[in-house]
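Take a look at the following structure, please.
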2 protein chains.
Amino acid sequence: MLDAFERLVVATGERSATFDATAAEAGVSKGGLLYHFPSREALVDGLVDRLGALLDADVAAMTSAPDGVVDYVLRTSSPSAIPADDPLDRCITAVAGLAASGLWPRAASALASMQQRWHDVVLDEVGDPAVAQVVSLVSDGLYFTPGQFSSDGSGSPGPARPRASLDEVIALLRGLGR
Amino acid sequence: MLDAFERLVVATGERSATFDATAAEAGVSKGGLLYHFPSREALVDGLVDRLGALLDADVAAMTSAPDGVVDYVLRTSSPSAIPADDPLDRCITAVAGLAASGLWPRAASALASMQQRWHDVVLDEVGDPAVAQVVSLVSDGLYFTPGQFSSDGSGSPGPARPRASLDEVIALLRGLGR
DNA sequence: GTCTATAGGACGATAGAC
DNA sequence: GTCTATCGTCCTATAGAC
């Protein structure tokens, strides 16, 4: 049921992920769903808790990444480098959608806490606060802007200008650390 | 009336900016508001059009900025460096709130178009696509993550680790261009 | 142009049968 | 535990007086 809620928030937004729609997506009825999650807030809390658990695993993987923390952070922040069904990515996107609605403070603070944890790990590796800040900001920029707003293409009147590849960006930021 | 709608979207989110609330904020009645904006979509379109106009002025200011495009872009993307009542900033935040709800494709594509325009100008100045990409991403990261989610503080269990100042980040990125 | 009144529909949540 | 049925509330939008 939580999976269904998460899918709907990611796909259609917070507002469309109603009890009715979630129950239908999960293959149960509204009453059945409401037995396990007595309120909408309970659904949100469920997703926030899930994010915390997935994040613990992610931080552990990050600190022991073979190519280093910076490479790991940027690569796992880039939509083009994440498998579409990655559990952590889906959960982050869902919680971000909840937070953006402005109705769920717990979702917002969970995201802030997540970014702080990432920043701490990056800072421990690179040492320099300015470099760590840039890496964190690029990671945030990668995460929260690209396919986040599913453009229908009508917004780009002219041909798109060249954009650099993820590898080039990573190489550039690695150079900063030396 | 459009100002009232914009303020409400920024302050309380898309979902709370109803006809009733907007009319009250604007000091008119619901019927009066509906005479000028016959549907909710008309209000959204009004904000999208306003964003386009403000953006034209911003791009013009950007290309003739005394300290260069990169400095201008990063500084006008940082919440700590923007006056709280900046019209463009308020409008961007509002349109972003609308886009995040997933219900207004025009708001989403307007934002994508805005980012593309900024990226084009940066690329024209710095030349290197990778550097331009990093600057754009940092700008996006500055805009869409910091105070965007108004944390109540409960999300930070430990003391916050040191974060670099905007000036340090700008200095770092300027060094990339050489 | 601006107002009141209200239609019509969707949503969150409750009650109670099975 | 899961279902159907329903209540109360809030929202978009319409109708019509002034």
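Bear in mind the structure is a predicted one, so any value in this text is a computation, not a measurement. Every chain is numbered from 1, with letters handed out A, B, ... down the list of sequences. Heavy atoms only: backbone and side chains are in, while hydrogens, waters and symmetry mates are out.
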A:S101 side chain to A:L98 backbone, donor-acceptor under 3.5 Å:
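Yes.
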
I would like to know whether A:R174 and A:D67 meet salt bridge (Lys or Arg N to Asp or Glu O under 4.0 Å); could you show each step before the answer?
CA-CA 11 Å; A:R174 285 197 150 185; A:D67 291 332; 5.1 Å; no

Which letter, B, S or -, goes with each nucleotide of nucleotides 2-18 of chain C from 5' to 3', with contact meaning a protein heavy atom under 4.0 Å?
BBB------SBBB----

Smallest separation among heavy atoms of B:V169 and B:V138, with atom names
CG1-CG1, 4.4 Å

Measure CZ/B:F5 against C1'/D:dT12 and give the value in whole Å, please.
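Taking atom C1' of D:dT12 as the reference, CZ of B:F5 is at 13 Å.
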
Which one of A:L51, A:V10, A:L54, A:D86 satisfies the side chain to side chain contact (heavy atoms under 4.5 Å, CB included) criterion with A:I92?
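Running side chain to side chain contact (heavy atoms under 4.5 Å, CB included) over A:L51, A:V10, A:L54, A:D86 with A:I92 returns exactly one hit, A:L51.
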
Any donor-acceptor pair under 3.5 Å linking the side chain of B:S64 with the backbone of B:A60?
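Pair found, side chain donor or acceptor close to backbone of B:A60.
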
